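Below: the structure, in structure tokens.
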Amino acid sequence: MQTTPEQVENQILAAHAAYEKARDVEPAVRGSWLEAIASALEDDADELVGLGTQETHLDEGRLRFELKRSVFQLRLFRSEILSGEHLGAVIDHADAEWGMGPRPDIRKINVPLGAVGVFGASNFPFAFSVMGGDTASALAAGCAVVHKIHEGHLQLALRTAAVVEEALAAAGAPKGLFSAVVGRQAAEALVDHPLTKAIGFTGSTAGGRALFDRACRRPKPIPFYGELGSINPVFVTEQAWTARRDAILSGYAASFTAGMGQFCTKPGLFFAPVQDSDGIADLLQQELETKTAAPLLSPKLREGFDTALNRVQSAPGVDVLVQGDDAEAPRPTVLATTAEQVLANPELLEQEMFGPATLLIRYRRGTDLAELAALLEGQLTATVHGEPEEKLDELLTVLRERSGRLVWNAWPTGVSVTYAQQHGGPYPATTAASTTSVGTAAIGRFMRPVAYDSFAPQQLPPALQDENPWNIARRVDGIHEPAGQKAETL
């Protein structure tokens, strides 16, 4: 099942040719391709979910929700395409009275990058896999995609890829706009090929960093949008702990065990003003006994989880608060240490345990939480449980510097696909902190801006013509204009 470098070469050449045919199609046409994929996934849902239950330890309900998420995302991106928001079209008409001197006619638009590579994730066989966020956003941007399949769910991925290719062909898309490859050699060839213009990746820090470095070593480096690792700290203030300790612990137990702790947004660190007499071990034990255990998604993930758990558990000053086990379907583990220990050994806050385990950090009342937060590396999320009247500006500012999404009195494991979503963060959470891999803004990763200076009207692309033939939203002479409006000069 391994794709040879020669096959990768042919697929990238086909992808580039398809991109050249598809890059300038009108929004309605591109949108119809996304709708065709969405409809095909719905039509084949039973077969795809069945394959998912055979190849992973995920239940049918989880898989169906993931597939529904992928379909919704495709249709949301279609609406974004039709409105033209992703194009970022800006028109500045010539202005002899401009404050910096006469201004020429300048118009700007985002254009797709070309053929791109996307690496599927192990933990989300639909949402971050063949037709997950990276593939969907790249196709929405106008790129062609060569997808590197994750072999943890090989048959599901191959069948999903076939469904996508068939749907695109039936919708009239150019052949090669989407294809899939398998294997390490194929992965390396995909990153190295001169016609590959960007890479989207979701996976481990080690694997992602190796590919990131490879992309940077190319004669012409390319953007690498990697989601690597995140431990997603939770800070509970003294007031919140006093007011609703039990509810917070219940939510914590549910969040770090969701998906057997194999979510990239799992809360792996929990800072709270815990006292030895609080009895929270019993409370957490009761909560965790109600959680259904399942095997981890793959033997490789299980091996990595066991290694990380043992490393943290054996560190000085770390105790077991709730004992898990090493069964095939492991019970959750809660480890505990103190703020004094992490101040002396900040490396404790850097070990991701990708599975059903978490580290609780006890802090003394009066502790400066911002000082503890400053020890953290880059994160996808940071959560604060506090009370509205509390003065938490310093803590929130420190967390803002280290994470892409701040969560207030909720839990980070739900990542909604929407317009304002930010799923990214400073390294090592991602390799591109200014971008997101979830939400409509994800499309922008696979585009770049181009300005047209002093062009004759008939030479301009449709999105920048005054008549607005594509009826998209634009900014004209500094004024945001809705879709369907013609550009009027000042």
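Predicted model, so just to flag it, every value in this text is computed and none were measured.
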Atom CD of Glu328: over 12 foreign heavy atoms under 6.0 Å: no
Neighbour count >12 (heavy atoms, 6.0 Å) for atom CD, Glu47: yes
Test: Arg30 and Glu80 ion pair at under 4.0 Å: no
Under 3.5 Å: donor-acceptor pair, side chain of Ser298, backbone of Leu301: yes
Lys266 side chain vs Gly259 backbone, donor-acceptor pair below 3.5 Å: no
Closest approach of Ala140 to Ile443 (non-hydrogen atoms, all atoms of both residues): CB-CD1, 3.9 Å
Between Thr381 and Thr265: side-chain donor-acceptor atoms closer than 3.5 Å: no
Thr436 side chain vs Ala442 backbone, donor-acceptor pair below 3.5 Å: no
Under 3.5 Å donor-acceptor, His385 side chain and Ala410 backbone: yes
Heavy-atom check, side chain of Leu74 versus side chain of Leu41, under 4.5 Å: yes
Smallest separation among heavy atoms of Pro267 and Thr358, with atom names: O-OG1, 3.2 Å
Phe212 and Phe201: CA distance, side-chain angles, deciding distance, ring pair (Phe, Tyr, Trp, His ring centres under 6.0 Å) verdict: CA-CA 9 Å; Phe212 178 39; Phe201 173 90; over 10 Å; no
Heavy-atom check, side chain of Phe119 versus side chain of His150, under 4.5 Å: no
Donor-acceptor contact below 3.5 Å, side chain Lys175 vs main chain Ala14: no
Separation between CG of Leu139 and CZ of Phe77, rounded to the nearest 0.5 Å: 10.5 Å
Any donor-acceptor pair under 3.5 Å from Thr53 side chain to Gly50 backbone: yes
Intermediate values then yes/no, side chain to side chain contact (heavy atoms under 4.5 Å, CB included), Phe128 and Ser437: CA-CA 9 Å; Phe128 287 89; Ser437 61; 4.3 Å; yes
Leu376 side, atom CG; Ile231 side, atom CD1 - distance, nearest 0.5 Å: 8.0 Å
Charged N-O contact under 4.0 Å between Arg64 and Asp46: yes
Heavy-atom side-chain proximity of Ile81 to Leu34 below 4.5 angstrom: yes
Derivation and outcome, side chain to side chain contact (heavy atoms under 4.5 Å, CB included), residues Arg103 and Asp477: CA-CA 11 Å; Arg103 181 180 75 189; Asp477 296 324; 3.3 Å; yes
Stepwise side chain to side chain contact (heavy atoms under 4.5 Å, CB included) test for Arg75 and Ser79: CA-CA 6 Å; Arg75 289 178 171 146; Ser79 68; over 6 Å; no
Salt bridge (Lys or Arg N to Asp or Glu O under 4.0 Å) partner of Asp192, the single match among Arg214, Lys220, Arg218: Arg214
Donor on one side chain, acceptor on other, Glu66 and Ser70, under 3.5 Å: no
Note, Val234 side chain near Val407 side chain (heavy atom, < 4.5 Å): no
Parallel, tilted or perpendicular, as decided by the 30° and 60° cut-offs, for the rings of Tyr452 and Phe455: perpendicular
Distance-minimising heavy-atom pair for Leu58 and Pro125: CD1-CD, 3.7 Å
Non-hydrogen atoms of His153 and Ser129 that approach each other most closely: CE1-OG, 3.3 Å
Phe224/Asp213 under side chain to side chain contact (heavy atoms under 4.5 Å, CB included): CA gap, chis, key distance, verdict: CA-CA 9 Å; Phe224 185 91; Asp213 291 345; over 6 Å; no
NZ or CZ of Arg62 within 45° of Phe65 ring axis and under 6.0 Å: no
Within-4.5 Å side-chain heavy-atom neighbours: His193 and Val146: no
N/O donor-acceptor pair under 3.5 Å between Ser32 side chain and Ala171 backbone: no
N/O donor-acceptor pair under 3.5 Å between Gln465 side chain and Leu460 backbone: yes
Donor-acceptor under 3.5 Å (Thr257 side chain, Ala253 main chain): yes
Arg448 CZ: over 12 foreign heavy atoms closer than 6.0 Å: no
Gln485 side chain near Val476 side chain, heavy-atom distance below 4.5 Å: no
Check: Asn232 main-chain N/O paired with Gln379 side-chain donor or acceptor under 3.5 Å: yes
Lys/Arg-Asp/Glu bridge criterion (N-O < 4.0 Å) met for Glu151, Lys300: no
Flag if over 12 foreign heavy atoms under 6.0 Å of CG, Leu154: yes
Any Leu113 side-chain heavy atom under 4.5 Å of Tyr19 side chain: no
Value rounded to 0.5 Å, distance of OG1 in Thr160 from CD1 in Ile37: 11.5 Å
Polar side chain donor-acceptor pair, Glu227 to Thr430, under 3.5 angstrom: no
Heavy-atom pair of closest approach, residues Ala15 and Ala144: O-CB, 3.2 Å
Any residue meeting side-chain contact (heavy atoms from CB on, under 4.5 Å) with Met100, in chain and number order, not counting sequence neighbours: Trp98
Distance-minimising heavy-atom pair for Ala28 and Leu82: CA-CD2, 3.7 Å
Side-chain touch Leu228/Thr431, heavy atoms, less than 4.5 angstrom: yes
SG on Cys143 to CZ on Phe178, rounded to 0.5 Å: 14.0 Å
CA sep, side-chain torsions, deciding dist, call: Phe263, Phe124, ring pair (Phe, Tyr, Trp, His ring centres under 6.0 Å): CA-CA 9 Å; Phe263 286 6; Phe124 285 92; 5.2 Å; yes
Verdict with reasoning, Glu303 to Thr307, per side-chain hydrogen bond (donor to acceptor under 3.5 Å, both in side chains): CA-CA 6 Å; Glu303 180 183 353; Thr307 299; 5.5 Å; no
Over 12 non-hydrogen atoms of neighbours within 6.0 angstrom of NZ in Lys108: no
Leu158 side, atom CG; Ile149 side, atom CD1 - distance, nearest 0.5 Å: 4.0 Å
Spacing of Leu288 atom CG and Arg331 atom CZ [to the nearest 0.5 Å]: 7.5 Å
